Novice: 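My questions will all concern the structure given below.
Counting starts at 1 for both ligands and their atoms, following the listed order. These numbers come from a predicted model, not from an experiment.
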Amino acid sequence: MKRIVYDKYGSVDDLHAVEVNKPIPDKEQILIKVKAVSINPLDWKILMGEVKLVSGKKFPKSVGCDFSGTIESIGQGIQKFKAGDDVFGVINPFKEGVLGEYILVNEKEIARKPANLSFEHAAAIPTAGQSALQMLTKNVNSIKGKEILINGASAGVGMFAIQIAKSQGAIVTAVSSAKGHHLLKKWGSDYVIDYNKEEVTNLRKQFDVIIELSAKLPFRKVKKLMKPESTYITVIPSLWNFVHSFSNNIVSGKKYKILLMKSDTESLNRLASDALKGIDIHISKTYPMSDYKEAYKTIIKEGALGKVVFNILS
Ligand SMILES: NC(=O)c1ccc[n+]([C@@H]2O[C@H](COP(=O)([O-])OP(=O)(O)OC[C@H]3O[C@@H](n4cnc5c(N)ncnc54)[C@H](OP(=O)(O)O)[C@@H]3O)[C@@H](O)[C@H]2O)c1
């Protein structure tokens, strides 16, 4: 079977295809024939060695973490799934990668894919969808009627965050460059801002929740946009952010939180059900697996509107 791997930290040019034996599941593992894989920024952050303290020195590594596919075989200890089930999920990207024809997963990493949700759409859900859901349910109290700023809203996490926030009755201000504004509006944003034309920090408005997805708007810059008892959530789990948030949260009512997305079957099921009820999962481009270099180079250069997905034809 084919896998896309790299043998050292570097760039997209270090990715290459290899032929390896189809893996065999142990007692607690499930072998999946992969049908689709979606791209996340963490894929190339790991590839480029930006998080090597966590991802370690073991090579070769494969790339990607979100997938969908069909169960080929299961270990003797597997109770909840059987061969032939269509599933989707996310693996721990610091240990393994999913861009290949077959992968091994454990039961906790997957959920059933509804029959009328495509493999591509299912693969687009896990990381982006669960990140948005966890920010808006676990990190803040009820957001009904609350003012929410989503900075960096036109890619995967923003797509889910806008729609989940709107479904819970929030008032959403979404920020991206102009190329994504038709989507920010389609997903339900009440106000849209082009960061090339307007400094978010100059807004004459205060928010209950600020979701920062661009990695360009630090807490200190937006504090003045926060109501007295409000929450800022960043997706960058750097040491600096942990230290700063810890010291801030002891003394301030303006809370500073850091997302560490944790996958669970219940959230995957909920997001699949939301997708069937009408949450728009916008896939801006699909690539065959063989175009892995072009896909990663393009998304790193141009960004993504919604999600970008590989079709794995084998
Ligand atoms: N900590 C966790 O557990 C966790 C989990 C999931 C994701 N993440 C992180 O969350 C971030 C968002 O991920 P994503 O999948 O949604 O994709 P992404 O490609 O990182 O999305 C970036 C967004 O930021 C916008 N942007 C770029 N420059 C901006 C600026 N100066 N001001 C405002 N917005 C700007 C982009 O819009 P334009 O294209 O218009 O520039 C785009 O909408 C990534 O850094 C990812 O690694 C963290």
Novice: Short N/O distance, under 3.5 Å, between V235 and ligand 1?
Specialist: yes

Novice: Does an N or O from L259, backbone or side chain, lie closer than 3.5 Å to an N or O of ligand 1?
Specialist: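 Yes, there is a polar N/O contact under 3.5 Å.
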
Novice: Run the numbers for me: atoms of ligand 1, each under 4.0 Å from some heavy atom of L260, listed by number.
Specialist: 3 (O)

Novice: For residues F88 and F119, establish whether the separation of their ring centroids is below 6.0 Å.
Specialist: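 Judged by ring-centre distance (under 6.0 Å), F88 and F119 do not meet the cut-off.
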
Novice: Using heavy atoms and a threshold below 4.0 Å, how should the contact between S131 and ligand 1 be classified: side chain, backbone, both, or neither?
Specialist: side chain

Novice: Counting heavy atoms only, which of Q130, M261, K179 comes nearest to atom 3 (O) of ligand 1?
Specialist: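 It is M261 whose heavy atom sits nearest to atom 3 (O) of ligand 1.
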
Novice: Tell me which protein heavy atom sits closest to atom 21 (O) of ligand 1, plus the residue, atom name and distance to 0.1 Å.
Specialist: A155 CB, 3.3 Å

Novice: Just wondering, are more than 12 heavy atoms of other shown residues or ligands nearer than 6.0 Å to CG in D264?
Specialist: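 Yes.
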
Novice: How far is atom 15 (O) of ligand 1 from its nearest protein heavy atom, and which residue and atom name does that atom have?
Specialist: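 That would be P41 CD, 3.4 Å.
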
Novice: Can you tell me which portion of V200 lies within the under-4.0 Å heavy-atom range of ligand 1? Options are side chain, backbone, both, or neither.
Specialist: neither

Novice: Is there a path of hydrophobic side-chain contacts, each under 4.5 Å between heavy atoms, that joins Y287 and V34?
Specialist: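 In one cluster with Y287: V34, yes.
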
Novice: Select the closest option to atom 40 (O) of ligand 1 among G306, P126, G180, S177, judged by heavy-atom distance.
Specialist: S177

Novice: How does A215 reach ligand 1, if at all, at less than 4.0 Å between non-hydrogen atoms: by side chain, backbone, both, or neither?
Specialist: neither

Novice: What class does the angle between the rings of H244 and Y256 fall in, given that below 30° is parallel, 30 to 60° is tilted and above 60° is perpendicular?
Specialist: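 If you compare the ring of H244 with that of Y256, the planes turn out perpendicular.
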
Novice: Can you figure out which of W44, Y195, F160 has its heavy atom closest to atom 35 (C) of ligand 1?
Specialist: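 Result: the heavy atom closest to atom 35 (C) of ligand 1 is in Y195.
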
Novice: In the protein, which heavy atom is nearest to atom 28 (N) of ligand 1, and how far is it?
Specialist: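 Scanning the protein heavy atoms, the shortest distance from atom 28 (N) of ligand 1 goes to K216 NZ, 3.3 Å.
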
Novice: Between the candidates S154, A132, G158, which shows the shortest non-hydrogen contact distance to atom 42 (C) of ligand 1?
Specialist: S154

Novice: May I ask you to say whether R112 pairs ionically with D86, meaning some side-chain N is under 4.0 Å from a carboxylate O?
Specialist: no

Novice: For F246, look at atom CZ and say whether over 12 heavy atoms of other residues, nucleotides or ligands are found less than 6.0 Å away.
Specialist: no

Novice: So, does A153 sit close enough to ligand 1 that a heavy atom of it is under 4.0 Å from the ligand?
Specialist: yes

Novice: Please say whether more than 12 non-hydrogen atoms of neighbouring residues, nucleotides or ligands are located less than 6.0 Å from OH in Y191.
Specialist: no

Novice: Among I300, V157, V90, which one has a heavy atom closest to atom 7 (C) of ligand 1?
Specialist: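 Considering heavy atoms of I300, V157, V90, the nearest to atom 7 (C) of ligand 1 sits in V157.
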
Novice: Which ligand 1 atoms are under 4.0 Å away from a heavy-atom of T127?
Specialist: 6 (C)

Novice: At the 4.0 Å heavy-atom cut-off, does E302 count as touching ligand 1?
Specialist: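 False for this residue.
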
Novice: More than 12 non-hydrogen atoms from neighbouring residues, nucleotides or ligands closer than 6.0 Å to CD1 on I250, yes or no?
Specialist: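 Buried by this count: over 12 neighbours within 6.0 Å.
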
Novice: Quick check on the hydrophobic clustering: are I74 and I110 connected, directly or via other members, by side-chain heavy-atom contacts under 4.5 Å?
Specialist: yes

Novice: Indicate, with yes or no, if the rings of H16 and Y6 have centres closer together than 6.0 Å.
Specialist: no

Novice: More than 12 non-hydrogen atoms from neighbouring residues, nucleotides or ligands closer than 6.0 Å to CD on E19, yes or no?
Specialist: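 Yes, because the 6.0 Å sphere around CD of E19 holds more than 12 heavy atoms from other groups.
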
Novice: On a heavy-atom basis, I'd like to know which of S214, G156, G152 is closest to atom 23 (C) of ligand 1.
Specialist: G152

Novice: Just jot down the ligand 1 atoms closer than 4.0 angstrom to any heavy atom of K45, in number order.
Specialist: 44 (C), 45 (O), 46 (C), 47 (O)

Novice: Would you sort out whether H121 and I283 count as a side-chain contact (heavy atoms from CB on, under 4.5 Å), showing the intermediate values?
Specialist: CA-CA 7 Å; H121 286 94; I283 296 176; 3.9 Å; yes

Novice: Pick out which of D208, V209, I210 makes a side chain to side chain contact (heavy atoms under 4.5 Å, CB included) with E147.
Specialist: D208

Novice: Mark up the atoms of ligand 1 that fall under 4.0 Å of a heavy atom belonging to L213, in ascending order.
Specialist: 11 (C), 12 (C)

Novice: Could you tell me if any non-hydrogen atom of S176 lies under 4.0 Å from any atom of ligand 1?
Specialist: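 True for this residue.
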
